[in-house]
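Structure, as structure tokens:
We name chains A, B, ... by the order of the sequence lines, and we start the count at 1 in each one.
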Amino acid sequence: MSYKNKDNVEQWDRLRNKIESKKGGWVIGDAVYNHGYRMMQDLVGSSSYFQVLVLNITGRLPSKNITKWLEASFICLSWPDPRIWCNQIGALAGTIQASCPSAVSGGMLAADSRMYGAGTMRACMEFIVKAGQQANKGKTISEIVDNELALKAKQLKSKPVISGYARPIASGDERVTAMQRVGRDLGFSVGHHENIAIQIHNELHEKYDDGINVAGYCAALLSDFGYTPLESERIYATWVNSGIHACYAEAADKPELTFLPMRCDDIDYHGPTIRKLPKSQ
Amino acid sequence: MTILCRSVATGYLQLIGLNNPTKTMNKNKQSEQTKGDAFTQRVPTNIWKEQGSPSNPYIATKAYCYGYDFDEVIDQLSYVDSLYLMLTGNLPTSEQSSLLELCLKLFMTPGPRHPATRAAMNAGIGRTHVTHILPISLSVLSADYLGSTEVGNAMKFIQQHKNKDAKTFIESGEIAIDHSSPNPIPGFGTIYNGLDQRTLKFVSKVQSLNCEFSHFNWSQSFVLGLVKYRLSWLPTGLAAALFLDLQLDYRTGTCLFQMMQSPGLIAHGVEKANKPLTDMPFVNEDNYVIQK
């Protein structure tokens, strides 16, 4: 579609009050179609929810093993710990009796973050795809790491980190070990991107004491599964949702305002000293 | 349907210069240890101070906004000036006050055809709990095109280039104009293949304030240079330029744009909240085309 042609409205007129979908839709009295499948007949009862989730996003029905692995990766970000930022939003909603959908959608938006959760997935994917391409061209792991850190150092004022290879609060990430175990149990062999990701982890650990995190690891696996960065970002959009459910439920079931109550002096004011408004106001 | 699988031959990896595939990370590297960050125990802020009741320290008896007694702010300042104080910590000059008030009016609604407003109306007609109408529509309004993210990006763009001569800057080729995008430069582009006439009218209203708004003036020169590319102001670009002239940072501008558009979103959403389902279009069977 070009936006250059002067006031050409034909392309808009054609679509007024009309929907064209390659995904599918409801044909009343016939079926609900999804990428050629009839949902009630072909998918309900025979496919997992995660298979249909990926089908909806990508148009491709993945194998059950891939979606078993994917579902396990969602469990990795489903902690019932309200100290985690997105989860705390759920608890804060609960403590004043907001609705559960408000809490969960608010918490999921919070994880659209540069630091954690679904918001990191695109950058993790883009890095590992780039690293894979550089490796194919003969770059060593050291060169890949040094180039990326140099690039990040130009963009950031703080310590440069590679997307997928740092973590707030703690070092190490047991979720990676768990997901490796899941892959092994499902019979997965090590793919190109996973192999590179592990070597990058080892390199960073030796030199900088950083290491791969679960998003970086999942990005490598999703690249090996054949998903693009955009598809992966969409697949993981709701990554943190179930931990928020837990934190919301616990806070909502307790008396109002009992989640981390704050006294007035728990606010540490550093602003201007008490002053009068100018007379002219 | 494609079933994705993953297997990479060892020989291939050797061929491209990598070690043999290995699932093994160096020993114990994934064992977790706290970094021991020194988190604050109280919440620091420059904005708000509350004085607790002696009998119940959870109840505030007095509040201060950037050091001003908030009761006095309520009594003595206009809404616009209070808003500026809350967002910046400063009282506005009379020019800033007039400009902020004009912005509040200019950007009061994206109009009923904007996807954010239609999201509000969909929530209304769908009997969604009325408390969700605004968050739903604001989520849509977060967009990269005609949304608040674009406002922030446009603020960064103007800030970055405002010291360059606008005409020379355009001719230099430093920015590549991608005609496959309706906003090849954040804040500047087209709507439905045309120039946004409403925003151009808004520009003249800003000019009628007869004030020296440097970011606005630079952006207007920039737009004059874009004419031959058939690009012009988008509402987001105008908001961005004016927010910079209000001395707001891009993060505040991004959020303020959402707040400013809220009245229209609320009004259109609530208008539909108790109407029959048939009061909004539902595409009929003939016009719903499932493509192969």
Side-chain angles (χ1 to χ4, degrees), chain A residues 2-9 12 17-22 24-25 28 33 60-63 66 99 135-136 138 140 169-174 176-177 180 188-192 195-196 198-199 201-202 205 211 224-226 261 263-275 277 281, chain B residues 1-8 13 16-19 21-23 25-26 29-35 37 42-52 57-58 60 64 66-68 72-73 76-77 89 91 129 132 139 179-182 190 192-194 230 281 283 285 287-291:
Chain A
S2 171
Y3 294 89
K4 198 176 180 181
N5 302 329
K6 185 182 178 187
D7 289 333
N8 173 6
V9 297
W12 319 114
N17 210 24
K18 181 178 181 181
I19 296 172
E20 295 173 347
S21 173
K22 288 182 176 157
I28 299 171
Y33 288 97
R60 309 187 297 275
L61 188 68
S63 71
I66 282 180
S99 72
N136 288 342
T140 65
I169 310 294
S171 59
D173 195 335
E174 290 183 348
V176 174
T177 315
Q180 283 186 300
F188 292 170
S189 55
V190 176
H192 178 45
N195 182 56
I196 292 168
I198 291 169
Q199 292 187 64
H201 164 85
N202 289 339
H205 191 77
D224 287 335
F225 293 154
R263 290 180 172 215
C264 293
D265 61 5
D266 287 329
I267 296 295
D268 187 12
Y269 178 69
H270 291 277
T273 51
I274 305 302
R275 53 186 172 165
L277 284 168
Q281 301 288 331
Chain B
M1 291 291 141
T2 307
I3 305 295
L4 300 167
C5 62
R6 49 190 291 276
S7 79
V8 176
L13 289 165
I16 62 171
L18 295 172
N19 298 334
T22 172
K23 278 192 169 182
M25 297 188 193
N26 292 354
K29 281 187 183 163
Q30 287 307 316
S31 62
E32 294 179 347
Q33 284 189 326
T34 177
K35 289 182 175 172
D37 298 310
R42 300 163 69 213
V43 178
T45 177
N46 292 324
I47 301 169
W48 199 259
K49 176 183 172 67
E50 286 178 340
Q51 195 172 296
Y58 291 90
Y64 299 89
Y66 286 104
Y68 296 118
E72 290 182 15
V73 170
Q76 296 176 38
L77 295 189
L91 297 170
H129 194 305
H132 300 322
S139 289
H179 283 290
S180 68
S181 165
T190 55
Y192 297 104
N193 273 344
R230 286 198 42 76
V283 173
E285 299 287 290
N287 281 337
Y288 192 90
V289 181
I290 299 175
Q291 299 170 315

### Task
Check the surroundings of atom CD in B:Q291: do more than 12 heavy atoms from other residues, nucleotides or ligands lie under 6.0 Å from it?
yes
Quick check: do [X] and [Y] have side-chain heavy atoms less than 4.5 Å from each other?
X: A:H270; Y: B:T45; result: no
X: B:Y66; Y: A:R275; result: yes
X: A:P272; Y: B:Y68; result: no
X: B:V283; Y: A:N17; result: yes

Nearest 0.5 Å, please: how far is [atom2] in [Y] from [atom1] in [X]?
X: B:E32; Y: A:I169; atom1: CD; atom2: CD1; result: 12.0 Å
X: B:Q51; Y: A:D265; atom1: CD; atom2: CG; result: 11.0 Å
X: B:K49; Y: A:D268; atom1: NZ; atom2: CG; result: 9.5 Å
X: A:E20; Y: B:Y288; atom1: CD; atom2: OH; result: 11.0 Å
X: A:I19; Y: B:N287; atom1: CD1; atom2: CG; result: 9.0 Å

### Query
Between the side chain of B:E50 and the main-chain N/O of A:C264, is any donor-acceptor distance below 3.5 Å?
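Here the side-chain-to-backbone pair does not exist.
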### Task
Could you tell me whether the side chain of A:Y269 and the main chain of B:G67 form a donor-acceptor pair under 3.5 Å?
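Answer holds: yes.
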Please report the closest heavy-atom contact between [X] and [Y], naming both atoms and the distance.
X: B:K35; Y: A:A170; result: CE-O, 3.5 Å
X: B:R42; Y: A:I267; result: NH2-O, 3.5 Å
X: A:P261; Y: B:Y58; result: CB-CE2, 3.9 Å

### Task
Just give me the residue among A:S21, A:G271, A:S99 that pairs up with chain B most often, heavy atom to heavy atom, under 4.5 Å.
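So the answer, after comparing A:S21, A:G271, A:S99, is A:S21.
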### Message
Does any backbone or side-chain atom of A:T273 lie under 4.5 Å from a heavy atom of chain B? Answer side chain, backbone, both or neither.
### Response
backbone
### Task
Measure B:Q33 against the heavy atoms of chain A and call it side chain, backbone, both or neither at under 4.5 Å.
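Both parts, heavy atoms under 4.5 Å.
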### Task
Go through the atoms of B:P57 and report whether side chain, backbone, both or neither lie under 4.5 Å from a heavy atom of chain A.
both
